[in-house]
Enquirer: 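Quick one: structure below, then a few questions.
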Amino acid sequence: MITVAYVGFGVSVREYHIPYVENREDVRVKYVYRRQEDIPQFAEYEPFYPEIIFTTDFNEVLQDDAVDLVVVAAPDQFHVSYAKEILNAGKHALIEKPFAPTAEEARQVFALAKEKGLVCMPNQNRRFDADFLAVKEVLESGKLGQPVRLESHYDYFKTNGWYDHLGTLYNLGVHTVDQIISLWGMPDQVRLDVRSIHHPGVGDDYYDLEFLYGNAKASVNTSMCVLIDYPRFTLHGTKGSFTLPPVIHNSGKKKVTGRHQINTQPAPEDRWGTLLYINEAGEKITEKVPVGCAHYERIYDSMIDAISGNGEKCVKDEEVIRVLEILEEATKVAQSHEKI
C-alpha cells in the first residue's frame, strides 16, 4: 500500500488522478494540498471527498512519514520547485505535464531523484488514451506490414487561437510528441514547422512536427484553423491503412459538480477505427477496430512497480528530456515570428 498526497485540486486531480486510484487496494489518498488563495476556486468539490485531508500546510504533507508519493498538479511554473522540494523531503514524485520548462531543469530533477534513491516521473497519461491504444494494437498485429506514415492530429477552430501567449506546445504538444516517442523511440531526424498565426511572436497556435525513422515518418499536427476535422490518427503501411475518427475535445464536455465517475465502457461503434489491408492471399480486407476505454491507472501501476523495485518507470528519463528539447526548439521558432 502506498499513501498519496496531491498538490492542487483542479480538473486534473479530480478527473484524471483520484478516480483511477480511489478504489485500489494498493493506494490510499490521504491529502490534498492547496495554497490558501487557491481554495475558493474548487471549494464546492471538497464535501464530496470526506476521506481526504485538505490542508494549506505543505510541510504537514512533507513531514508525514505515512506519505510515500506526492503528485504535483499545480500550475506549470511550479512543477520543478515542487519536485525538488518533494524529493528533498524523501518522497517519490509524480509530476503533471509539462515535467519542466527546459530539458536542463528536467536533468536536474532526475539527478536529484537518483541521488536520493527515489522515483520521479511525469504523468504522461495520454500514452493510455483509448484511441492511441487502438493504434498500438493495429501496429502490433502486423496487418499493415512495415509502417510508412503516421499522422497525429489534435486540432481546433478558434478565431483568436487557443492562447494569446506561448502554451499550445507545452500543454498539448507535450502529449502528442510523447505518444510518438513512446511508440517508435528516438527519431533519426526532427523537422519543425511552427507558426504564430493569431498572436505573432507571442503564440504557438500552429505546428507540424515531423519525426523521421528510417523510411517511416510520423507527424504531430495542431492548428486553431481547422473547421473540418482531420482523423485523429492516420497510419499507412506497406500492406494497408488505418484511420481513427477525429478527437472529441474534453474542453467541450459539461462539468458537473460532484465526485467524478470514470467511464469504463468501450467507445460506441462510430468512434471505432477502420483498417483496410491486403492479406496473404492478396485479398483486400476491411475491418472495424474497436476502441476501448482509457487506462490512466497504468501510470500508477508503473509508479508502484518502480517504487517497490518490481519494474521500471513506463516513461523513461531520456524520453522526457528529448520531448522537452523538441518543445524548446519548436517554441523558439514560434517566438521568431514578427510581432505586430
Enquirer: Could you list all the salt bridge (charged side-chain N to carboxylate O under 4.0 Å, His left out) pairs where at least one residue sits in residues 279-295, not counting sequence neighbours?
Expert: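 Every salt bridge (charged side-chain N to carboxylate O under 4.0 Å, His left out) pair that includes a residue of residues 279-295, provided the two are not neighbours, is Lys143-Glu287.
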Enquirer: Any side-chain to backbone donor/acceptor pair from Glu15 onto His260? Under 3.5 Å, distance only.
Expert: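 Side chain of Glu15 to backbone of His260: no pair is present.
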Enquirer: Anything under 3.5 Å between a donor and an acceptor, one on a side chain of residues 71-79, the other on a protein residue two or more places apart or in another chain? List them.
Expert:
from  : atom 1 : to    : atom 2 : distance (Å)
His79 : ND1    : Glu96 : O      : 3.1
His79 : ND1    : Pro98 : O      : 2.6
His79 : NE2    : Ala74 : O      : 2.8

Enquirer: Would Arg14 and Phe42 count as a cation-pi pair here, with the cationic atom under 6.0 angstrom from the ring centre and within 45° of the axis?
Expert: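 Flagged: Arg14 positioned over aromatic ring of Phe42.
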Enquirer: Tell me whether the NZ or CZ atom of Arg259 lies within the 45° cone about the ring axis of Phe48 and under 6.0 Å from its centre.
Expert: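 No.
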Enquirer: Would you say the side-chain atoms of Thr238 pair up with the backbone N or O of Gly145, donor to acceptor, closer than 3.5 Å?
Expert: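 Such a contact is absent between Thr238 side chain and Gly145 backbone.
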Enquirer: Would you check if the distance from the ring center of Phe128 to the ring center of His295 is below 6.0 Å?
Expert: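 Ring centres of His295 and Phe128 not closer than 6.0 Å.
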Enquirer: Applying side chain to side chain contact (heavy atoms under 4.5 Å, CB included), can you list everything that pairs with Lys217, at least two apart in sequence or on another chain?
Expert: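 Expected list: Arg149, Glu210, Leu212.
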Enquirer: Tell me if a side-chain donor or acceptor on Ser196 pairs with a main-chain N or O of Gly201 at a distance below 3.5 Å.
Expert: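 Yes; judged by distance alone, with no hydrogens or angles, the pair exists.
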Enquirer: Can you establish whether the number of heavy atoms outside Asn215 located under 6.0 Å from its atom CG is more than 12?
Expert: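 Counting other residues, nucleotides and ligands, CG of Asn215 stays at 12 neighbours or fewer.
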Enquirer: Test of understanding: with ring-ring contact (aromatic ring centres under 6.0 Å, His included), list the residues that count as partners of Tyr207, not counting sequence neighbours.
Expert: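 With sequence neighbours excluded, Tyr207 shows a ring-ring contact (aromatic ring centres under 6.0 Å, His included) to no residue whatsoever.
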Enquirer: What's the separation between atom NZ in Lys97 and atom OG in Ser12, rounded to the nearest 0.5 Å?
Expert: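 That separation rounds to 8.0 Å.
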Enquirer: Once you measure the plane-to-plane angle for Phe99 and Phe110, does it fall in the parallel (<30°), tilted (30-60°) or perpendicular (>60°) bin?
Expert: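 Rings of Phe99 and Phe110: parallel, as their planes differ by under 30°.
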Enquirer: Going by the salt bridge (charged side-chain N to carboxylate O under 4.0 Å, His left out) test, name the single residue among Arg126, Lys316, Arg127 that passes it with Asp178.
Expert: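 For Asp178, the salt bridge (charged side-chain N to carboxylate O under 4.0 Å, His left out) check succeeds only for Arg127.
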Enquirer: Can you name the salt bridge (charged side-chain N to carboxylate O under 4.0 Å, His left out) partners of Asp64, sequence neighbours left out?
Expert: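 Asp64 satisfies salt bridge (charged side-chain N to carboxylate O under 4.0 Å, His left out) with Lys30 once adjacent residues are dropped.
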Enquirer: Students often mix this up, so state it plainly: with edges at 30° and 60°, are the rings of Phe9 and Tyr45 parallel, tilted or perpendicular?
Expert: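 Rings of Phe9 and Tyr45: perpendicular, over 60°.
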Enquirer: Please collect all salt bridge (charged side-chain N to carboxylate O under 4.0 Å, His left out) contacts where either partner lies in residues 293-305, sequence neighbours excluded, each pair once.
Expert: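 The answer is Arg24-Asp301.
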Enquirer: With no hydrogens and no angle check, is any side-chain donor or acceptor of Thr222 less than 3.5 Å from a backbone partner on Tyr154?
Expert: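 Pair found, side chain donor or acceptor close to backbone of Tyr154.
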Enquirer: Taking Asp205 for the side chain and Ile197 for the main chain, is one N or O donor matched with an acceptor at less than 3.5 Å?
Expert: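 Yes, Asp205 side chain to Ile197 backbone: donor-acceptor pair under 3.5 Å.
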Enquirer: Within the distance-only criterion (no hydrogens, no angle test), does the side chain of Ser302 pair as donor or acceptor with the backbone N or O of Cys314 below 3.5 angstrom?
Expert: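 Yes: the side chain of Ser302 pairs with the backbone of Cys314.
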Enquirer: Minimum heavy-atom separation for Trp272 to Ala267, with atom names?
Expert: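 That would be NE1-O, 2.9 Å.
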